[in-house]
Amino acid sequence: MRRALELGARAADEGEVPVGALILRDGELLGEGWNRPIASHDPTAHAEIQALRAAATRVENYRLPGADLYVTLEPCPMCAAAIVHARIRRVIYGASDPKGGACGSVFDLLPSDTRFNHRTACEGAVLADDCAALLRAFFRARR
């Protein structure tokens with residue numbers, strides 16, 4: 001999660017909402033990303049999507065079974081759907097998102113939605129204070 005925080009700080013340095021993500025499988029870093037929707041003019045360029053794209057490119061497969069995704073903020077519904085589609089085993093997130101989180105804060109898409117054909121486990125509140133502080137500082141500076 002500390003690496004995800006570094007990636008989130010990179011997003012903040014670029015003027016993006018400070019969210020960072022990385023994907024590991026069997027101790028190997030497969031991909032990482034940070035929020036880039038503004039710079040890339042792409043509404044789907046969330047940190048999780050960037051990490052999924054990098055990991056899929058690295059392993060030359062859009063399926064990532066057995067992989068874990070670490071992210072500083074609870075994934076949104078768009079990212080949750082991509083996570084399920086990629087067959088991510090587990091999501092470990094820092095701060096909860098009370099406005100759009102899909103791991104139980106607002107939506108319960110991961111892991112409980114039985115309409116999906118894949119279940120992704122979720123573990124929250126990992127370095128939550130540090131992750132939330134990064135977000136608060138970013139938005140405080142923008143106001």
For residues 123-131, please give each side-chain donor-acceptor pair under 3.5 Å, one per line with the distance, not counting sequence neighbours.
from	atom 1	to	atom 2	distance (Å)
Glu123	OE1	Arg90	NH1	3.3

Exercise for review: Using the test ring pair (Phe, Tyr, Trp, His ring centres under 6.0 Å), find all partners of His118 that sit at least two apart in sequence or belong to another chain.
Suggested key: none
Revision key, fill the gap. Taken to the nearest 0.5 Å, the spacing of Thr72 OG1 from Leu5 CG works out to 6.5 Å
Review point. What closest approach, in Å, do Val106 and Gly100 show between heavy atoms, and which atom pair accounts for it?
Key: CG2-N, 3.6 Å
Check your understanding: Between atom SG of Cys122 and atom CG of Leu69, what is the distance when rounded to the nearest 0.5 Å?
Key -> 10.0 Å
Can you give the donor-acceptor pairs under 3.5 Å from side chains of residues 45-56 to other protein atoms, not counting sequence neighbours?
from	atom 1	to	atom 2	distance (Å)
Gln50	OE1	Arg53	NH1	3.2
Arg53	NH2	Thr44	OG1	3.1

Check your understanding: Is the backbone of Phe116 close enough, under 3.5 Å, to the side chain of Arg119 for a donor and an acceptor to pair up by distance?
Key -> yes
Practice item. Evaluate the criterion side-chain contact (heavy atoms from CB on, under 4.5 Å) for residue pair Val19 and Val71; output intermediate values, then yes/no. Key: CA-CA 7 Å; Val19 179; Val71 61; 3.8 Å; yes
Check your understanding: Any side-chain heavy-atom pair from Ile23 and Asp68 closer than 4.5 angstrom?
Key -> no
Review point. Would you say Leu73 and Phe139 are hydrophobically clustered, going by side-chain heavy atoms of ILVMFWY under 4.5 Å?
Key: yes
Review point. Same hydrophobic cluster for Leu109 and Tyr93, using side-chain heavy-atom links shorter than 4.5 Å among ILVMFWY?
Key: yes
Revision key, fill the gap. Between the CG atom in Leu29 and the CZ atom in Arg3, the distance rounded to the nearest 0.5 Å is 8.0 Å
Point to revise | Sequence neighbours excluded - side-chain hydrogen bond (donor to acceptor under 3.5 Å, both in side chains) pairs with any residue from residues 15-28 | key: Glu28-Arg58
Check your understanding: Does Leu135 belong to the same Ile/Leu/Val/Met/Phe/Trp/Tyr cluster as Leu22, with side-chain heavy atoms less than 4.5 Å apart forming each link?
Key -> no
Point to revise | Listed once per pair and sorted, the side-chain hydrogen bond (donor to acceptor under 3.5 Å, both in side chains) pairs that draw on residues 96-106, sequence neighbours left out | key: Glu74-Ser105
Exercise for review: List for me each residue that meets ring pair (Phe, Tyr, Trp, His ring centres under 6.0 Å) alongside Tyr62, sequence neighbours excluded, and say none if there are none.
Suggested key: His85
Revision key, fill the gap. SG (Cys79) and CD1 (Ile88) are apart, to the nearest 0.5 Å, by 11.5 Å
**Study point:** Asp108 backbone acceptor or donor facing Ser112 side chain under 3.5 Å
**Key:** no
Practice item. Verify whether one side chain among Trp34 and Glu6 offers a donor that lies under 3.5 Å from an acceptor in the other. Key: no
Check your understanding: Which atoms form the tightest heavy-atom contact between Gly15 and Phe138, and what is the distance?
Key -> O-CZ, 3.9 Å
Check your understanding: So which heavy atom on Asn61 is nearest to which on Leu64, and how close?
Key -> O-CD2, 4.0 Å
Review point. Looking only at heavy atoms, which two atoms of Leu134 and Ala9 are closest? And how far apart?
Key: CD2-N, 3.9 Å
Practice item. Look up atom OG1 in Thr57 and atom CG in Leu30, then write down how far apart they are to the nearest 0.5 Å. Key: 11.0 Å
Review point. When clusters are formed by joining ILVMFWY residues with side-chain heavy atoms under 4.5 Å apart, either directly or through shared neighbours, do Met78 and Ile83 land in the same one?
Key: yes
Review point. Short question: side chain of Asn35, backbone of Pro18 - any donor-acceptor pair under 3.5 Å?
Key: no
Exercise for review: Evaluate the side-chain proximity of Leu24 to Tyr70: yes if any heavy-atom separation is below 4.5 Å, no if none is.
Suggested key: yes
